[in-house]
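First the structure, in the form of structure tokens, and then the observations on it.
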Amino acid sequence: MSFVPNIIEPEPSDDGAFDDALLRGLNPQQREAVEFRGQSLLIVAGAGSGKTSVLTRRIAGLLQSREAFPSQILAITFTNKAAAEMRERVHQIVGNEAEGMWISTFHSACVRILRREAEHFGFTKSFTIYDSADSRALLKRILKELEADQYGFTVSSASGKISKLKNELQDVESYARGANFSDPAEVMFLEIFRRYTQALSKANAFDFDDLIGQTVYLFRAFPVVAAHYRRRFRHILVDEYQDTNHAQYSLIHELTRPVRPDIADEVESAGGLVKTKRDSLGAIPGASLTVVGDSDQSIYAFRGADIRNIVEFERDFPNSKVILLEQNYRSTQNILDAANAVISNNFDRKDKKLFTDIGKGNKIVGFTGYSGHDEAQFIADEITKMHDEGIAYKDMAVFYRTNAQTRALEEIFIRSALPYRVLGGTKFYERAEIKDAMAYLIAVANPSDPLALRRIMNVPKRGIGPATETALQSWADAHDTSLRDAVRNAGELGLGPKVTGEILEFGSILDEVMATVTASDDWDPTTGTGRAAAKVSDILIALLEKTKFVETLRASRDAQDEARAENVEELVAVTKEFQKNNPDGTLLDFLTEVSLVAAADDLDDSSGTVSLMTLHTAKGLEYEAVFLTGVEEDLLPHRMSAGEPGGPAEERRLFYVGITRARQRLFISLAMTRAAYGNVNVAMPSRYLQEIPADLIEWRQSPGMANSRGGTEPRALNARRDGSAWGSSLREAAALPPGKPKEKTQWANMVTNVVRDNSALELSAGDRIRHTDFGEGRVTAVTGEGAKRVAEVQFETAGRKRLLIKIAPIEKVE
DNA sequence: AGCACTAGTTAATTA
DNA sequence: AACTAGTGCT
């Protein structure tokens, strides 16, 4: 179906231009950012400066004043969640006029374009999208084939390098041109890259980076195709511009270029009416561009974000206007002072100082734990206190640098019966059983994809092992056809009768279901003759039933398989939900949606849980109270960043992003020892801590001399918890020379290893108990039912705690 | 040939 | 803790 352009220019309304409501409550800079009209605009928006509001009102203004049709607007955000929020807010202002705008992420905008245009360059519109796990699996095969480990390649080094090249719009040929062929490792890499690229195109698949890169390629190779989009999108707005990489930057450039007169002629003769858009020379002028960003929040250099894109915006887009938003509407002045002080240590940045008029607020609270668990306990205690003061759990968040840090936090949160959720950790769609079920869907959507086919060939077990798979693949190679064809023709391979039967059965299940995916040729929705395309949920259910997928899981004696079966059922529910929200949604639409969900997207604000997430995930979010944890050398800044140019500066920005997420309360914590990979290391306070003016922090427990005197002094602080398990173990760990690994691991996992079941313990208010870590105390209240019974206990020395009775290491005294 | 179990190895941030 | 290689059984 070809693209239907808007050929009529909307008429600017003359009845008083701008709706006053659009400008209400804005400061002068914000107002200017909403009202400015011109070719290019850069809004430098500090953290919490109301940029989303500005952006949405700017869009609403364009629509209300009839300067643009909705279909002429393209707004790009970094997460689907941000896109949904923006759509919602524009909708609130202008109502149904918001329909037809493209508000989406870079990736989903590119998928839409690629699905439409894929046929131009050797793909079909049913292409699949390889997520990072898929492309790693593919690379793993390639590395094995080539025995590339001999040259020091690992899956992650190869995928990192390929991703980096793609983000710079390099392909195999351009890389080969600059390659050093006397270096065998480089020759090997070139071969890896070549095979990887070939495998993708043979599978009719794009990886994540391709989505952007191939769209740029498409525009450059097919000017008439590009002209369609350049003509359509007259106003392009990009959020989080500081995090764009070179490919994304180029995409924006391609979209905002003018259309040359001769190309415009061509478009016109092909039936696209463009007369009204042409200027006096016959060209179509470039679209207007608005970008919003903050170079102080650029934290994605590791995936190719180039801070220069925003720094050099004015050079790239001549005659652009720059507007600075510095007034912050989110945080207290104390928090902003800390943020300003920290970020001012980054040199070569444009000076920018956030300010607010909501007052100084509370001091930042600092805490140094003896271990990661001790730190987590502090956090749990403070969360409980704040909850008692009336702050909802959903308004509190805990940030950390690495996902591994969640373990200690989760353990303590479970013990303290705090409701929490981890954002972006092991995601639903990354679970093996979900990936298997998804692979079934992909196999019927895109029969050329061998990766999906291989994944499910023996799931559930059908006796098709590696040897059989290799036989199928060689048959396919020998007959120059696909793996799927080999499966169909398994009878000709001369394999055993049992396996052959299984393979043919497997193949016919896929073929049968695939036949239902698209509507029959004689389908007529008005008369109801023929057969409509099957619903996504029905496709999935058919596959699961015919293959006995769930049945097999349920029959397994592995207890975890029951949970896996439930997860698969959950996926069925997801497809039903999808179909409800998108009545006309196809299988491809579903697969696309799933492959594009990002970590920050599955955030559900309504639930009453504390949110745990990495600092990266936290960008763009805000909370009443924020805990910044693990503020230690080698963690923040992370050890791995030390070698990279600009690494420490980027880590500082990460810290800055964390600080500026907090509205009222900010807690900064660290630990003196931290468990990693089974052993325990002494940790040093982060250098960034000293960059916060001392009078802004109130230390509940300061790192003291830990920094300057190398770890002997801080144990004086241990006096507080004499005889406690953690304190004494710490002493061992810090003082003991290496060589007694057994004892070390024993205590590193101590918290997990304590398996107990106190379900039968009768407790009521007034009882006295003894806790192995906190000592003696009195129960003040018992709430909850069954396994979720919680005791509130006032300890004599350790203060008040909430304990999950079932697993708490406690006993009654007297 | 494939499966299940065990033992041994090796561990590298951030979406 | 999570993956790989090796073993013995069907």
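None of the values given here were measured: they were computed from a predicted structure. Proteins come first, then strands; the chains are lettered A, B, ... in the order of their sequence lines, and each starts at number 1.
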Whole-Å gap separating [atom2] ([N]) and [atom1] ([X]):
X: A:E650; N: B:dA15; atom1: CD; atom2: C1'; result: 13 Å
X: A:L654; N: B:dT13; atom1: CG; atom2: P; result: 15 Å
X: A:L635; N: B:dA12; atom1: CG; atom2: P; result: 15 Å
X: A:F78; N: B:dT14; atom1: CZ; atom2: C1'; result: 14 Å
X: A:Y300; N: B:dA15; atom1: OH; atom2: P; result: 6 Å
X: A:E502; N: B:dC3; atom1: CD; atom2: C1'; result: 14 Å
X: A:Q405; N: B:dA12; atom1: CD; atom2: P; result: 16 Å
X: A:D131; N: B:dA15; atom1: CG; atom2: P; result: 14 Å

side-chain hydrogen bond (donor to acceptor under 3.5 Å, both in side chains) assessment of A:S298 paired with A:S295: CA-CA 5 Å; A:S298 162; A:S295 46; over 6 Å; no
Mutual orientation of the aromatic rings belonging to A:F667 and A:F627 [parallel < 30°, tilted 30-60°, perpendicular > 60°]: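 Parallel: the ring planes of A:F667 and A:F627 meet at under 30°.
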Pairing residues for A:A439 by the side-chain contact (heavy atoms from CB on, under 4.5 Å) criterion, not counting sequence neighbours: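 Counting only residues at least two positions away or on another chain, A:A439 forms a side-chain contact (heavy atoms from CB on, under 4.5 Å) with A:A452, A:R455, A:I456.
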Test side-chain contact (heavy atoms from CB on, under 4.5 Å) applied to A:E622 - qualifying residues, sequence neighbours left out: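 With neighbours one apart ignored, the set is A:R330, A:R663.
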List every contact pair, protein side and nucleotides 4-10 of chain C side both N or O, where the distance is under 3.5 Å.
residue : atom : partner : partner atom : Å
C:dT4   : OP1  : A:K140  : NZ           : 2.9

Residue A:H638, side-chain atoms from C-beta onward, closest of B:dA1, B:dT13, B:dA15: B:dT13
Ring pair (Phe, Tyr, Trp, His ring centres under 6.0 Å) partners of A:H616, counting only residues at least two apart: A:Y300, A:F302
Partners meeting ring pair (Phe, Tyr, Trp, His ring centres under 6.0 Å) with A:Y420 (sequence neighbours left out): A:F413
Stacked pair A:F302-B:dT13, distance under 5.5 Å, angle under 30°: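 A stacking contact does not exist, since A:F302 is not both close and nearly parallel to the base ring of B:dT13.
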Whether over 12 other heavy atoms sit under 6.0 Å from A:R308 CZ: no
Close N/O contacts between protein and nucleotides 4-6 of chain B (under 3.5 Å):
residue : atom : partner : partner atom : Å
B:dC5   : OP1  : A:R557  : NH2          : 2.9

First encountered from the 5' end of DNA chain B, between A:R462 and A:S163: A:R462
Nearest-nucleotide comparison on DNA chain B, the residue closer to the 5′ end among A:D209 and A:G465: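 The answer here is A:G465.
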Touch class at under 4.0 angstrom, heavy-atom based, for A:F208 against every strand present: nothing
Can you see if the side chain of [X] gets near the phosphate of [N] - specifically, an N or O under 4.0 Å from OP1 or OP2?
X: A:S132; N: B:dA15; result: no
X: A:N403; N: B:dT13; result: no
X: A:T617; N: B:dA15; result: yes

Distance, P atom - from B:dT14 to C:dC3, rounded to whole angstrom: 16 Å
side-chain hydrogen bond (donor to acceptor under 3.5 Å, both in side chains) evaluation trace for A:T244 with A:N309: CA-CA 7 Å; A:T244 51; A:N309 289 346; 3.1 Å; yes
Between OG1 on residue A:T617 and CZ on residue A:F399, distance to nearest 0.5 Å: 9.5 Å
salt_bridge(A:R554, A:E551) N-O dist < 4.0 Å: no
